[in-house]
Amino acid sequence: FRAFAEQTKSDLKALAACIRSSRDPITAEALGRITTPVLVAVGTLDVIGGSARDLAALIPGGEALEIPDRDHMKAVGDRAYKEGVLAFLKRRA
């Protein structure tokens, strides 16, 4: 991860925070305190990410985007993902 972050000139402190926080489970209570609009995007074939709808329902104002026929690794490269994110951002503008 560090090599990727360095190669892409990413924020190493942010990377370290993500890795540290990924070890601690996020509680429903913590999700309920989120005040920023959130789009939960998950491929319908994703066995890692879980249900976009279930997670979005725990976040006030959360929205779910299911990416048809995509797994965990291929979801973000899909046209449905890109269009869904742009539509989500447009609704927030």
Side-chain angles (χ1 to χ4, degrees):
F1 289 111
R2 181 185 178 104
F4 174 78
E6 288 174 342
Q7 183 179 16
T8 58
K9 297 183 180 15
S10 297
D11 185 338
L12 294 178
K13 289 182 182 178
L15 173 64
C18 287
I19 291 171
R20 269 195 311 275
S21 68
S22 68
R23 295 179 184 151
D24 299 327
I26 299 172
T27 65
E29 180 184 354
L31 292 172
R33 291 192 304 263
I34 295 174
T35 59
T36 303
V38 174
L39 178 66
V40 179
V42 179
T44 59
L45 302 178
D46 188 340
V47 296
I48 297 169
S51 167
R53 290 181 188 184
D54 290 349
L55 180 54
L58 295 173
I59 302 168
E63 292 185 35
L65 172 63
E66 293 180 334
I67 303 133
D69 302 317
R70 293 292 180 236
D71 63 17
H72 191 75
M73 299 305 291
K74 294 182 181 177
V76 296
D78 191 88
R79 177 182 292 270
Y81 168 79
K82 294 172 186 176
E83 290 173 354
V85 169
L86 290 174
F88 174 79
L89 294 173
K90 187 175 182 179
R91 289 192 299 277
R92 302 288 177 275

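With sequence neighbours excluded, the residues forming a side chain to side chain donor-acceptor pair (under 3.5 Å) with Asp78 are Arg70, listed by chain and number. Evaluation of the salt bridge (charged side-chain N to carboxylate O under 4.0 Å, His left out) rule for Glu63 yields Arg91, Arg92 as partners, not counting sequence neighbours. Shown here are the side chain to side chain donor-acceptor pair (under 3.5 Å) partners of Ser10, two or more places apart in sequence or in another chain: Thr8.
Here the closest heavy-atom approach between residue Ala52 and residue Glu66 is recorded as CB-CG, 4.3 Å. Closest of all the heavy-atom pairs between Leu65 and Ala80 is CD2-O, 4.1 Å. Minimum heavy-atom separation, Ala30 to Ile26: CB-CG2, 4.2 Å. Scanning all heavy atoms of the two residues, the minimum distance from Ala75 to Gly43 falls at CB-N, 4.0 Å. Across all their heavy atoms, Thr44 and Asp69 have their closest contact at OG1-N, 2.7 Å.
Hydrophobic clustering (ILVMFWY, side-chain heavy atoms < 4.5 Å, transitive): Val42 and Val76 are in distinct clusters. Transitive grouping of hydrophobic side chains (ILVMFWY, heavy atoms separated by less than 4.5 Å) keeps Val85 and Val40 in distinct clusters. Hydrophobic clustering of Ile, Leu, Val, Met, Phe, Trp and Tyr side chains at less than 4.5 Å, counting indirect connections, unites Phe88 with Ile67.
Taking CG of Asp71 as the start and CG of Asp46 as the end, the distance is 7.0 Å to the nearest 0.5 Å. Here the straight-line distance linking atom CG of Leu31 with atom CD of Glu29 works out to 10.0 Å at 0.5 Å rounding.
When side chains are defined from C-beta on, Leu39 does not count as touching Leu89, because their heavy atoms never get closer than 4.5 Å.
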